[in-house]
Amino acid sequence: MTVEARKRPSFTIWILAGIIVILAAALIGILLFLKNQPQPERGVAPIREIEPLDPDSQNWGINFPNQFSTLLKTKDNNSPTTFGGSAPISKLEADPRLVTLFAGYPFSIDYNEERGHMNALIDVRATKRVNETTAGTCYSCKSSNNPKLWSEMGMAKFDSTPFSELGKLIEQPIGCANCHEANTMNLVVTNPALEEALQARGKDWRTFTRQEMRTVVCANCHVEYYFAGEGKYLTYPWEKGTKIEEIVDYYEESGFKDWEYPGTGTPMLKAQHPEYELFTADSTHYKAGVACADCHMPYTRDGAAKFSSHNVHSPLLAPDAACGQCHTDVPLVVGRVATIQAQVNERMLAAEDALIDAINALKAAAAMPGVDEAKLDEARTLHRQAQMMWDFIAAENSMGFHNPQEALRILGKSTDLARQAQLLAVQAAGDTSILAKTP
Ligand code: HEC
Ligand code: HEC
Ligand code: HEC
Ligand code: HEC
């Protein structure tokens, strides 16, 4: 091979390299030109500035039509499931023991299965539990008008305003402003009572992870609470902790009662809807890092858009979406829900029977001349605690699914305390024949 022959290909390579450099420069030029063009309007970019705390979800919905339209669907959901769903079935008709257990309290008159978020305002206004003496506090978890009202008038004023008067300022059901900060769309704590409860536990939600917020945002409403003092100040009983024993201890110390049980003289407590407390009491899912929104607001597709379904309802109505993102065998886990709920329901009814026996023994003892008042008072304490523990699971809306072991443990403890109350009532009366006298 000659020297010239070796030189020829290297010359061709130089020409090729030159062409590539020119093409690359042209491409960079085109890209720079495109990048400096004005941004076209894209569906996901905010097209309308939302006023901070704007109560009207329709305004937010202009920017986020998928989230808005799925939220609207919660209005028309009406399918029941075995123990939940969205049909407003009367719990009192389904289980008449409740009429006895809540005697002397409005829950014995009207108590329905809950429905979707868009119905919150209609339902709170329709319930027979509400009357002229009702506190404004009852609106606390029903409306997207609240965050603005709380910031303008303060929660103390909000709570002490009578229900009917406060109602004039409230026109929206639950909406975007209950869970999101306008424009950033960050999840936020909007209920001052939750802010205060977390603070009392030394916690600041602003430091929480996004996954934690996907649970905590529900604690704006799905929690145990009570109305403290004359001003009916919305308060979460979390100072000692969020486990049932810590909550019962808190109430015992504060001496708070919701009502007095007729005939037994027991100061009673009513549990609200402690989904957050039961779920976070070391449930398997919570410990595995699963959030409320994972099951109740699964990601959904609408063409190319992927978004969180805001059609919050029973996951059993759409288990493929709710469970299928993590579990491969959906029928298997749905079957587990049925088994768990049947077991919890069975133990729940056993606790109710024990409570009713305790109530009857207490009533008979209280009517006996010469009853041992100190013993009777001890029996009343056990009655109150047993009912609160039962109610913590009965008023919680998952029939134990959110935390099966804890639900069964609490119901076992409730039954035990109720039977102890019954025995103590007999001892206080000093007469076992009161057991036979009970109706
Ligand atoms: C692992 C999935 C999962 C997680 C996580 C979860 N839930 Fe549930 N939830 C369920 C199932 C299943 C039911 C039972 C539904 C039924 O009986 O129809 C339920 C029931 C409910 C209900 C009653 C629904 C109805 O139709 O009556 C409410 C309210 C609720 N959950 C709120 C919450 C909140 C708040 C959290 C977080 C603190 C949470 N859930 C976490 C699966 C979950
Ligand atoms: C009950 C609480 C709640 C309400 C009410 C609510 N959201 Fe959400 N929203 C959430 C949660 C939880 C997520 C999931 C956030 C995450 O994963 O970071 C979310 C996510 C979003 C996102 C982020 C994208 C996505 O879909 O995951 C947007 C945007 C959004 N919501 C818009 C809205 C709009 C608009 C409204 C009112 C029409 C609204 N939301 C009402 C709780 C709520
Ligand atoms: C602003 C208060 C509020 C917030 C925040 C809130 N909820 Fe609710 N939720 C309610 C009320 C009130 C109802 C019952 C409405 C009715 O019965 O009319 C309800 C009902 C439900 C139901 C039952 C729906 C049905 O069709 O039976 C589920 C499930 C539920 N919420 C889950 C959640 C989850 C999960 C979160 C957090 C992502 C959340 N909620 C946040 C107040 C709230
Ligand atoms: C975000 C992921 C996720 C979602 C959504 C989810 N799960 Fe799970 N689930 C888990 C993890 C993680 C475990 C822990 C055990 C494991 O690794 O399988 C678990 C465990 C379980 C168990 C066994 C519980 C126990 O105590 O051993 C059941 C039953 C179950 N899930 C049912 C459901 C049902 C029903 C749904 C839908 C309503 C659901 N899960 C939704 C992640 C999820």
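Here the structure is a predicted model, which means the values were calculated and not measured. Counting starts at 1 for both ligands and their atoms, following the listed order. All residue numbers refer to positions in the sequence shown, counting from 1.
Counting heavy atoms under 4.0 Å from ligand 1, residue H402 touches it through the side chain alone. Only the backbone of A291 comes within 4.0 Å of ligand 1, judged by heavy-atom distances. Contact annotation for N63 and ligand 2: no heavy atom of the residue comes within less than 4.0 Å of the ligand.
Here C179 does not reach atom 8 (Fe) of ligand 2: none of its N/O/S atoms is less than 2.8 Å from the metal. Among the atoms of H117, an N, O or S atom is found under 2.8 Å from atom 8 (Fe) of ligand 3. In summary, H180 places an N/O/S atom under 2.8 Å from atom 8 (Fe) of ligand 2, meeting the contact criterion.
Looking at H310 and atom 8 (Fe) of ligand 2 together, the shortest N, O or S contact belongs to NE2. Looking at H296, its N, O or S atom nearest to atom 8 (Fe) of ligand 1 turns out to be NE2.
Residue-ligand proximity, H222 to ligand 1, at heavy-atom distances under 4.0 Å covers atoms 29 (C), 35 (C). Against a heavy-atom cut-off of under 4.0 Å, E114 is close to the following atoms of ligand 1: 23 (C), 24 (C), 25 (C), 27 (O), 29 (C). Each of the following atoms of ligand 1 lies closer than 4.0 Å to a heavy atom of C295: 1 (C), 2 (C), 3 (C), 4 (C), 5 (C), 43 (C).
An N or O contact shorter than 3.5 Å is missing between N178 and ligand 2 by distance. For a threshold of 3.5 Å applied to N or O pairs, the pair formed by E275 and ligand 1 contains no separation below that value. Looking at ligand 1, you won't find any N or O of Y276 less than 3.5 Å from one of its N or O atoms. At least one N or O atom of T81, backbone or side chain, sits closer than 3.5 Å to an N or O atom of ligand 1. Close N/O approach between S86 and ligand 3 is found [any backbone or side-chain N/O within under 3.5 Å].
Closest heavy-atom approach to atom 36 (C) of ligand 2 within the set A293, S308, C176, C218: this belongs to C176. Between Q67, M297, K306, it is Q67 that holds the heavy atom closest to atom 22 (C) of ligand 2.
The shortest heavy-atom distance from G85 to ligand 3 is under 4.0 Å.
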